[in-house]
2 protein chains.
Amino acid sequence: MRTVEKALRLLDFFTDKRVEIGLSDLARLSGIDKATVLRMLADMAECGFVEQNPETRRWRLGAGVLRLARLREHAQPVTRVLTPILEKLAQETGETAHASLLSGRDLANIGVIEPARANRVYIEPGLVLPLHATASGIAVTAFLRPEQQERVLARTLTAVTGMTPTSRAALEQVVRRTRERGYAVADQTFEAEVYGIAVPIFGPDGYAAGALAVAIPASRASDEHERKIIAALEPAAQSATTGLGGRPSPEHRISS
Amino acid sequence: MRTVEKALRLLDFFTDKRVEIGLSDLARLSGIDKATVLRMLADMAECGFVEQNPETRRWRLGAGVLRLARLREHAQPVTRVLTPILEKLAQETGETAHASLLSGRDLANIGVIEPARANRVYIEPGLVLPLHATASGIAVTAFLRPEQQERVLARTLTAVTGMTPTSRAALEQVVRRTRERGYAVADQTFEAEVYGIAVPIFGPDGYAAGALAVAIPASRASDEHERKIIAALEPAAQSATTGLGGRPSPEHRISS
DNA sequence: AAACGTCGGTGTATATAATGAACCGGCGAG
DNA sequence: CTCGCCGGTTCATTATATACACCGACGTTT
C-alpha cells in the first residue's frame, strides 16, 4: 500500500482525548510494525507535523500544522466566515451548531459553537465525520458530483451505532430522501442519544463542499423543534455558501 | 531519500503568495518527477491535506490541516495564549510583533500582530523562518539542547541576504553574543530593510521551544528604540513561557 | 489550419527504498 | 532477580517508488 498515505493516516489516531501517543501504542493502533511507524514519525517530525515530548518520548501533533492552517485560512478564511454564522445558529436554535468540510474521503469538523443551556450535545473538536453515518455526511453525499457519490455508495459501510445505515440500499434511500427535502436528519446513527439535522454548503462548482449542522439530544427531537432548526439552518447555509465563494446548486431546495 | 518526507516537503511550496500550484509547476519547483508528484498529491488528497480545484485542476492546501490545527490548539492553546501577548507587544513598541515555534528543522511563524502606524514591517502568515538567518532563529538556537544546537551549527548555511551569516564561525559568534545578552538581533539577515529583535520562549525542559520577536524598519533602528523593545519583550516572553507550560532556562538573563 | 508547446495524467520496467522479525539496553513491577 | 514492556536499531528480503516515454486536450503562434 502507499507509504505516504499510511504515514498520514497515523495522524488520525490523535484525537481530543488521545493527545499524546507512544510508539508501541501507535503501532498497535495502526497495525503497522513498530520500526516502520518510528521511521514515519521521524520523517513527519522533520517536517514539523509531529513532535516528541522529550520527557515521555511520546508523540503529539507538531507546530507545522498550525502554520499550514494559518496559510490556508489566509488564502480562504473559512473559520472567520463560519464562526459568526455558527454563533447565530446556536443562539437561534438553542442547540449545538457545527460546520464541517470535505477532507479526503471524509468530513472534517472545523467549527463548533455550543449554546448556553445545560443539556446540550458535546462535539469533539477536530472530529472526523463519516459520510454515511452523520447528518452532515448524508447532506454532503446527497449533493456530491455523481462519480464521487458513487464512490461513497460503493464503500463498505461500517456501523458506528445500531442505527447506522450499513447497506447500499439503505444509504441510497436516505440520500434520495435528503435530495427531495433539501436537508438531512440522522437519528442516533453516529452517537447514541444524539439527533442531527444538516444542510449542505456548496462549492464554486455547485456541488457540496461541506455542511452546516445542528445536533440535539434525541430526547428533545420533535417536529416543531426540527422545523424551527431547519428554518434557521437554511439562511445560515446560504450565507456560508456565498461567504466561502460557493454557488448554490440549482437542484437544492428545502421542502418539508 | 525518504518518500514521506519528500511528499510533505511539497506542502512547503504553498505560501502566502502561491496559494494554488499546478502539477507541472510543483514538479519543477521540487525537482521531482511529475508522475511521482502526482501520486504523492493523490495520497495526500486522500487524507485531506491537499485538494484539487475542480476547475483549474491546480492544487491547494486541504481542510484536513484545519482539523489537525484545531486538535493541537485544543490540546495546547498556543494561539489563544500568544495572541494577547503579541497585541500588547505591538501596542507597547509600536512595531510588528510575531511569535514562532520550532517545527521540524526550522521555525514556523504562528502569529503576527501589526501596529496601527503606517510604516511597519509586513510578515507573511505561515512563513518559515530559517534558524540561522533571523533574530527569532538565533534566539532559539542559542538556547537549544546542545545536540540540536550542534546540528544547526553543522548545517550548510544558505545566504538569504548579503548580511546572512554563512560560516559556522560567524554563526557561533552571533549565538555566543545572544547567550550573553539574553536576546538576539538580526540586521537585515533575512530581508533587506528589516531589523529584528527576539527573545526565546522556553519549553517544559528549559530549552528553547520558540521565540517572540519584534520587527522594525531598519531605518528606525536606534539604541534607545532597541532598549524600549527589549524592555517590552522580556516580560512578554516570560508570560509566553509560563503560559505555554514552559520553564525558563536558568542560563537565560537579559543584560544589555 | 497546421505545427508547436504545455498542460494533467497514464503505463511499465527498473532499481531503490520500505518492510518486519529479531535483537538491544533500560526501566518498573512483582 | 526475573519478567515484561518500553523506545529504538539492524539488516536481509521484497514490495514499492520512481522516471521515462507516451497520451489526448487545449491555447498560441505561424
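These values consider heavy atoms only, across backbone and side chains, with no hydrogens, waters or symmetry-generated copies. Residue numbers start from 1 in every chain, and the chains themselves are labelled A, B, ... in the order their sequence lines are given, proteins ahead of strands.
Rounded to an integer number of Å, the gap from B:Leu23 CG to D:dA25 P is 18 Å. Nucleotide D:dA19 holds its P atom 8 Å from the CD1 atom of B:Ile32, rounded to whole Å. Between A:Leu41 atom CG and D:dG8 atom P there is a gap of 9 Å when expressed in whole angstrom units. Distance A:Arg28 CZ to C:dG20 P: 16 Å, rounded to the nearest Å. One atom, CZ of B:Arg9, and another, C1' of D:dA17, lie 19 Å apart when rounded to the nearest Å. We find that CZ of A:Arg39 is positioned 13 Å from P of D:dT16, with the value rounded to whole Å. Atom C1' of nucleotide D:dT10 and atom CG of A:Leu38 are separated by 13 Å, given to the nearest angstrom. As rounded to whole Å, 15 Å separates atom P of C:dC7 from atom CD of B:Gln52.
Counting non-hydrogen atoms under 4.0 angstrom, A:Arg58 reaches nothing in the nucleic acid. Among the atoms of the strands shown, only primed sugar atoms or phosphate atoms (P, OP1, OP2) are found under 4.0 Å from some heavy atom of B:Arg2. No contact: B:Glu5 has no heavy atom under 4.0 Å from any strand.
Counted within 6.0 Å of CD on A:Glu172, heavy atoms from surrounding residues, nucleotides or ligands total more than 12; the atom is thus considered enclosed.
Contact between the side-chain N/O atoms of B:Ser24 and the OP1/OP2 oxygens of C:dC7 is found at a separation under 4.0 Å. When the side-chain nitrogen and oxygen atoms of A:Thr3 are compared with OP1 and OP2 of C:dA17, none of them lie within a distance under 4.0 Å. The shortest distance between the side-chain N/O atoms of A:Thr36 and the OP1/OP2 oxygens of C:dG20 is below 4.0 Å. The phosphate of D:dC6 has neither OP1 nor OP2 within less than 4.0 Å of any side-chain N or O from A:Arg57.
Taking the six-membered ring for Trp and thresholds of 30 and 60 degrees, B:Phe143 and B:His252 have ring planes more than 60 degrees apart, a perpendicular arrangement.
Checked by distance alone, A:Lys34 brings no side-chain donor or acceptor within 3.5 Å of a matching partner on the base of C:dG20.
Both A:Ile21 and A:Lys6 sit near DNA chain D, but only A:Ile21 has its closest nucleotide nearer the 5' end.
Using a 4.0 Å cut-off between charged side-chain N and carboxylate O, B:Glu55 and A:Arg247 make no salt bridge. Comment: A:Glu150 engages A:Arg168 in a salt bridge, judged by a side-chain N to carboxylate O separation of less than 4.0 angstrom.
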Take B:Arg9 and B:Asp12 through the side chain to side chain contact (heavy atoms under 4.5 Å, CB included) test and state the conclusion after the steps.
-> CA-CA 5 Å; B:Arg9 292 262 172 241; B:Asp12 288 345; 3.4 Å; yes
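Looking at the side chain of B:Met40, the nearest of the listed nucleotides C:dG8, C:dG20, D:dT18 is D:dT18.
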